[in-house]
There are 2 protein chains.
Amino acid sequence: MVLTYLMEPPAVRDDPRPVGAAAVVRDPLPTQGLLDFRVIELLFFAYREFTGDADSILEKYGFGRAHHRVLHFVNRDPGLTIAELLDILQITKQSLSRVLRQLIDEDFICQIPGDEDRRQRRLYPTEKGRALAIELSRAQVRRIEAALAKTTDEDMRPIATFLTAMASDRQAARDWFERKDISWKDRE
Amino acid sequence: MVLTYLMEPPAVRDDPRPVGAAAVVRDPLPTQGLLDFRVIELLFFAYREFTGDADSILEKYGFGRAHHRVLHFVNRDPGLTIAELLDILQITKQSLSRVLRQLIDEDFICQIPGDEDRRQRRLYPTEKGRALAIELSRAQVRRIEAALAKTTDEDMRPIATFLTAMASDRQAARDWFERKDISWKDRE
DNA sequence: CAGATAGGTCAGCACCATTGACGTAATTTT
DNA sequence: AAAATTACGTCAATGGTGCTGACCTATCTG
């Protein structure tokens with residue numbers, strides 16, 4: 001191996017802009033300078049752990065995250081049409097097809113023609129699919145509840161408000177939140 | 001196309017468990033039943049919008065999310081070694097290599113042998129890389145700040161506490177948070 | 001000098017997403 | 001009743017991002 005790009009080590013220690021090379025930046029972007037990076041990085045690390053909980057379970061079944069998402073929404077809203085599911089997931093039907101095919105073939109989900117419109121293939125979980133969906137959500141809820149352990153009902157409001165605002169750009173998301181009552185009405 | 005799996009439509013409307021077919025589940029998983037799905041779904045939709053902001057910019061450069069992550073952490077912590085970066089990203093060096101190679105070849109990042117240990121290839125952003133990192137973060141900060149528009153300093157605490165708890169499973173994450181002071185000491 | 005460490009690379013594979021094109025069945029429109 | 005539209009399925013090709021395994025160089029350490 002030749003490592004040509006290293007044979008003449010950039011002389012940046014003496015000259016920050018050697019001829020023909022771009023300037024090297026040595027100062028870090030500070031956590032709270034022009035931009036505040038704290039929430040960016042918290043979201044990155046938090047979401048990775050969040051999905052990791054489910055990923056390790058999915059591996060046992062030979063599934064990936066895409067399977068999880070399909071399974072989740074079919075369980076949350078049985079009778080969903082393909083079009084509705086695509087609208088929620090924001091992927092193409094070609095992307096969905098492979099994943100859905102596997103879930104159907106392995107008997108986690110089944111399709112039933114719509115009553116009114118028989119072109120539709122409405123999606124329902126099987127008992128097997130329901131069980132897996134619950135297993136996956138249980139793992140994620142465990143982490144969430146642990147993270148919220150010391151959170152009061154009062155403190156839950158700003159958290160929910162923040163996440164809802166982050167999430168509510170698309171109509172499909174807003175519709176889902178309203179239909180499924182994803183909000184923090186203080187419950188007592 | 002034959003659609004064999006549809007030729008004999010499951011008679012589940014009459015019999016929930018026809019011979020040889022799995023039981024079909026028709027009731028939805030309620031938002032707050034045995035499990036509370038609200039935070040799960042808020043995180044899913046929120047993170048998708050959050051990454052989408054950067055994705056559309058990256059597309060212009062022919063880059064993906066992996067490039068973004070590398071660029072981000074190299075900008076946040078210039079002089080990072082490969083090993084340190086791998087520890088933060090939790091990927092293999094083979095996964096990193098393609099992405100890093102492109103960022104180096106296209107002059108967004110450069111490598112400089114370590115002063116003390118010359119085996120190390122310490123990573124620094126170029127001015128071009130710094131500019132892109134800022135452009136990407138600006139888009140994400142814009143969404144975050146909009147979502148936090150009505151949030152008081154007081155309300156910021158529970159949000160930060162929640163995300164930090166969600167994110168802090170791994171030592172590498174905890175170290176990063178401490179080193180970069182990712183926390184909400186009320187500032188005034 | 002021997003071994004460990006930091007890093008690079010090749011080959012092959014899996015997963016998940018894309019676009020484009022084409023097909024079928026059912027519903028709606030004319 | 002014919003035509004157009006809709007709902008869905010599928011084939012083919014491609015790209016991005018991850019993985020494992022194997023093997024390489026350069027450097028540091030004992």
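Protein chains get the first letters and strands the later ones, always in sequence-line order, with residue 1 at the start of each.
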message = Without decimals, in angstroms, what is the distance between A:L71 CG and C:dC16 P?
response = 13 Å
message = Rounding to an integer number of Å, can you tell me how far B:L58 CG sits from C:dT18 C1'?
response = 16 Å
query = Would you say the side-chain atoms of A:R38 pair up with the backbone N or O of B:I182, donor to acceptor, closer than 3.5 Å?
reply = no
key: Contact under 4.0 Å: B:R122 side-chain N or O vs C:dG7 OP1/OP2   = no
ask   = The side chain of A:Q120 lies closest to which of these nucleotides: D:dC8, C:dT18, D:dC19?
value = D:dC8
query = Quick one: does B:R118 reach the base of D:dT27 with a side-chain donor-acceptor pair under 3.5 Å?
reply = no
request  = Please tell me which of the listed nucleotides, D:dT5, D:dT27, C:dT19, lies nearest to the side chain of A:Q94?
outcome  = C:dT19
remark   = Separation of D:dT17 atom P from B:I91 atom CD1, nearest Å, is 10 Å
task = Looking only at side-chain atoms of A:I82, point me to the closest of C:dG8, C:dG7, D:dC8.
result = D:dC8
ask   = Rounded to whole angstroms, how far apart are CG on B:L100 and C1' on C:dA6?
value = 14 Å
inquiry  = Taking the ring centre of each residue, are B:F45 and A:F177 less than 6.0 Å apart?
reply    = yes
inquiry  = For C:dT18 and A:T92 - does any side-chain N or O of the residue sit under 4.0 Å from the phosphate oxygens OP1/OP2?
reply    = yes
inquiry  = I'd like to know if the side chain of B:R122 reaches the main chain of B:T81, judged simply by a donor and an acceptor atom lying under 3.5 Å from each other, with no hydrogens or angles considered.
reply    = no
key: Residue closer to the 5' end of DNA chain C, A:R119 versus A:L96 (nearest nucleotide)   = A:L96
key: Residue B:Q111, side-chain heavy atoms: nucleotide from C:dG8, D:dT27, C:dT9 that is nearest   = C:dG8
Gap between atoms CD and P, on A:Q102 and D:dG9 respectively (whole Å) = 15 Å
query = Checking all strands, does A:R69 fall into the base, sugar-phosphate, or nothing category for heavy-atom contacts under 4.0 angstrom?
reply = sugar-phosphate
Minimum-distance nucleotide (side-chain atoms of A:S97 versus D:dA7, D:dC8, D:dT10) = D:dT10
ask   = Base, sugar-phosphate, or nothing for B:H68, non-hydrogen atoms under 4.0 angstrom?
value = nothing
query = Rounding to a whole Å, what distance do you find between B:R121:CZ and C:dT5:P?
reply = 18 Å
inquiry  = Using whole Å, what does the distance between atom C1' of nucleotide C:dG8 and atom CG of B:D105 come to?
reply    = 13 Å
task = Would you please test B:K128 and B:D107 for salt bridge (charged side-chain N to carboxylate O under 4.0 Å, His left out) and show each step?
result = CA-CA 7 Å; B:K128 201 172 151 191; B:D107 214 41; 5.2 Å; no
message = Of the listed nucleotides (D:dG18, C:dG7, C:dC16), which one gets closest to any side-chain atom of A:H67?
response = C:dC16
key: B:Y61 side chain to B:Q102 side chain, donor-acceptor N/O pair below 3.5 angstrom   = no
message = Just the rounded figure in Å: distance from C1' of D:dT29 to CG of B:D117.
response = 10 Å
Single-linkage hydrophobic cluster B:Y47~A:F73, side-chain heavy atoms < 4.5 angstrom = yes
query = NA contact type, B:E116, heavy-atom cut-off 4.0 Å: base, sugar-phosphate, or nothing?
reply = sugar-phosphate
message = Once hydrogens and angles are ignored, does a donor-acceptor distance under 3.5 Å link the base of D:dG18 to the side chain of B:R98?
response = yes
ask   = Mapping A:Q90 and B:K93 to their closest nucleotides on DNA chain C, which lands nearer the 5' end?
value = B:K93
